[in-house]
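Within every chain, numbering begins at 1; the chains are lettered A, B, ... in the order of the sequence lines, protein sequences first and strands thereafter. In this text the structure is predicted, and so the values were computed from the model without any measurement. Just the heavy atoms: all of them, side chains too, but no hydrogens, waters or symmetry mates, feed the values below.
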Amino acid sequence: AQTVTQSQPEMSVQEAETVTLSCTYDTSENNYYLFWYKQPPSRQMILVIRQEAYKQQNATENRFSVNFQKAAKSFSLKISDSQLGDTAMYFCAFTRDDKIIFGKGTRLHILP
Amino acid sequence: EPEVTQTPSHQVTQMGQEVILRCVPISNHLYFYWYRQILGQKVEFLVSFYNNEISEKSEIFDDQFSVERPDGSNFTLKIRSTKLEDSAMYFCASSDSAIAVETQYFGPGTRLLVL
């Protein structure tokens with residue numbers, strides 16, 4: 001089965017702290033893409049960061065960065081200098097064929 | 001910046017009624033998708049569509065569901081006879097290439113409530 005596992009259902013951190021959300025996935029493919037999506041209370045799906053599996057360099061987008069370990073099939077998201085607006089549900093996902101497979105999400109609370 | 005739009009944002013319907021959810025993908029995109037998210041659960045793939053036909057569908061996408069691109073801009077999901085368990089957020093997405101599946105752009109979603 002090709003799945004995504006997010007082992008932290010819920011996390012809380014203080015504003016300005018750094019937080020890491022974990023994700024592991026299982027695929028038999030060699031070429032694929034990995035994502036972290038943010039879903040705020042509005043429930044819109046917002047792409048936070050994307051990683052191409054054939055690239056060894058970890059992707060970064062401003063305060064967001066990933067730690068991609070292909071052999072371990074691990075794809076964690078680090079949020080630096082967390083802000084109140086980062087409070088949301090975060091979904092890890094990867095591509096299989098022409099669709100995206102999502103994990104169950106981690107609910108992140110940024111506390112003032 | 002171009003974006004995927006969806007209408008309506010919310011829909012309430014009675015069980016057994018037909019609903020049509022509408023999506024306007026980004027104009028130069030050729031690949032279209034529907035996903036579903038039941039409240040509190042993960043987002044699940046329903047169907048992908050290219051060149052006026054279904055490319056792939058999940059086991060969720062049974063005979064009650066259909067998709068259509070009735071004109072050059074809209075992409076619709078029809079649920080023929082809604083069930084209580086169809087209550088969910090439905091997301092449309094589009095991509096300019098199946099190879100570029102990594103750049104699926106999601107719409108804001110339609111929240112469907114079946115009573």
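- When the candidates A:R107, A:M45, A:K104 are compared by the number of heavy-atom contacts under 4.5 Å with chain B, A:M45 comes out ahead.
- Judged by distance alone, the side chains of B:D71 and B:S73 do bring a donor and an acceptor atom under 3.5 Å apart.
- Each of B:E44, B:Q41, B:Q37, B:R111 has some count of heavy-atom pairs under 4.5 Å with chain A, and the biggest count is that of B:Q37.
- Looking at B:L39, both its backbone and its side chain come within 4.5 Å of chain A, counting heavy atoms on both sides.
- A donor-acceptor contact closer than 3.5 angstrom links the side chains of B:Q104 and B:Y35.
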* Asked: Can you list the steps and then say if B:V24 with B:F75 is a side-chain contact (heavy atoms from CB on, under 4.5 Å)?
  -> CA-CA 6 Å; B:V24 178; B:F75 177 53; over 6 Å; no
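- Residues B:F106 and A:Y37 place their aromatic rings such that the two centres sit under 6.0 Å apart.
- Aromatic ring pairs are classed by plane angle as parallel below 30°, tilted from 30° to 60° and perpendicular above 60°; the pair A:Y54 and A:Y33 is perpendicular.
- Heavy-atom distances place the side chain of A:Q39, and not its backbone, under 4.5 Å from chain B.
- By number of non-hydrogen pairs under 4.5 angstrom with chain A, the leading residue of B:S48, B:G109, B:S58 is B:S48.
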